[in-house]
Amino acid sequence: GQNIDQPTEMTATEGAIVQINCTYQTSGFNGLFWYQQHAGEAPTFLSYNVLDGLEEKGRFSSFLSRSKGYSYLLLKELQMKDSASYLCAVRDMSTLTFGKGTMLLVSP
Amino acid sequence: GAGVSQTPSNKVTEKGKYVELRCDPISGHTALYWYRQSLGQGPEFLIYFQGTGAADDSGLPNDRFFAVRPEGSVSTLKIQRTERGDSAVYLCASSIERTGNTEAFFGQGTRLTVV
């Protein structure tokens, strides 16, 4: 089984930087994904990590430490449209399990 | 198709009735997942198919829930004797394979309301 933990809510200001943490416990690790989900919409893919280190993609970066069972998603130059739920998901040998999501509210 | 298609987009049914939810994955995607999502929660895993077979059905809550994928493409999630607690958005996702950097693409979901 898997256990994925992330904060329920975060708030930040437009233009700022925010880091959303995710810790996980899994019986077999085969990659970690971050998804963004706006209210009433389907989740959309943001990033993937399978090796330790930082993956950068534009304003978004994701970090992984497999020994610590830890990842974070870093969002820079926040925009109002970044207000959404951010889902951490871990793939093991058979499936893809999601955390409960972190609701990010960006204010002007 | 261009993306994962789920039908119907909305379904209202009476308690005790039987419902079928359909998922048409991206062409060529062998892996297919069903999730259930309640308001304010993350997607809850239900079942995973690799090709025609259910590789992991450990997330199905009870024997009222069943899913099939007879030809390795379209999948149907079937719920018998629906209960009010089954009300949720049912999401389907597909990916090329189950390993590696193969992101899962989600459909828009079916919002099921049991009254």
Side-chain angles (χ1 to χ4, degrees), chain A residues 1-10 20 22-24 26-51 53 55 57 60 62 64 73 83-105, chain B residues 2-7 9-10 21 23-26 29-51 53-60 67 88-111 113:
Chain A
Q2 298 186 27
N3 187 29
I4 301 171
D5 196 31
Q6 48 182 133
T8 305
E9 289 183 356
M10 297 185 71
I20 303 174
C22 171
T23 57
Y24 65 90
T26 181
S27 54
F29 181 79
N30 200 17
L32 185 144
F33 295 79
W34 283 95
Y35 279 77
Q36 181 191 60
Q37 187 176 27
H38 285 100
E41 298 183 10
T44 54
F45 170 79
L46 289 178
S47 69
Y48 169 79
N49 295 71
V50 68
L51 299 176
E55 294 283 341
K57 188 188 289 188
F60 294 177
S62 57
L64 175 68
L73 179 69
S83 292
S85 179
Y86 290 85
L87 302 162
C88 174
V90 175
R91 175 174 273 158
D92 63 14
M93 291 303 123
S94 67
T95 192
L96 183 63
T97 302
F98 284 81
K100 295 188 187 305
T102 299
M103 181 63 66
L104 174 66
L105 178 62
Chain B
V4 179
S5 174
Q6 290 187 246
T7 54
S9 54
N10 277 284
L21 311 180
C23 173
D24 201 339
I26 293 172
H29 282 195
T30 60
L32 185 146
Y33 306 83
W34 281 101
Y35 293 87
R36 177 169 70 175
Q37 188 172 29
S38 301
L39 193 63
Q41 301 293 313
E44 173 195 0
F45 169 74
L46 295 177
I47 187 170
Y48 158 65
F49 286 92
Q50 182 61 36
D56 186 341
D57 64 358
S58 62
L60 295 177
V89 175
Y90 288 80
L91 293 167
C92 175
S94 71
S95 64
I96 291 176
E97 57 181 16
R98 67 173 175 86
T99 59
N101 182 11
T102 53
E103 65 186 272
F105 295 84
F106 281 84
Q108 291 299 310
T110 294
R111 181 175 298 279
T113 304

Side-chain heavy atoms of A/F98 within contact of B/E44, under 4.5 Å: no

Does any non-hydrogen side-chain atom of A/R91 lie less than 4.5 Å from one of B/S95? yes

Below 4.5 Å, heavy atoms only, C-beta onward: do B/Y35 and A/L96 meet side chain to side chain? yes

At a heavy-atom distance under 4.5 Å, which candidate from B/A104, B/G59, B/A55, B/G40 has the highest pair count against chain A? B/A104

From the list A/A42, A/C88, A/G101, the residue making the most non-hydrogen contacts under 4.5 Å with chain B is A/A42

Between A/Q37 and chain B, which part of the residue has a heavy atom less than 4.5 Å away: side chain, backbone, both or neither? side chain

Determine the minimum heavy-atom distance between A/Y35 and B/E103, stating which atoms define it. OH-C, 3.9 Å

Evaluate the side-chain proximity of A/T95 to B/Y33: yes if any heavy-atom separation is below 4.5 Å, no if none is. yes

Minimal non-hydrogen separation, A/P43 against B/L91, with atom names: CD-CD1, 4.1 Å

Kindly compute the distance separating CD (B/Q37) from OG (A/S85), expressed to the nearest 0.5 Å. 7.5 Å

Rounded to the nearest 0.5 Å, how far apart are OG of B/S38 and NZ of A/K100? 9.5 Å

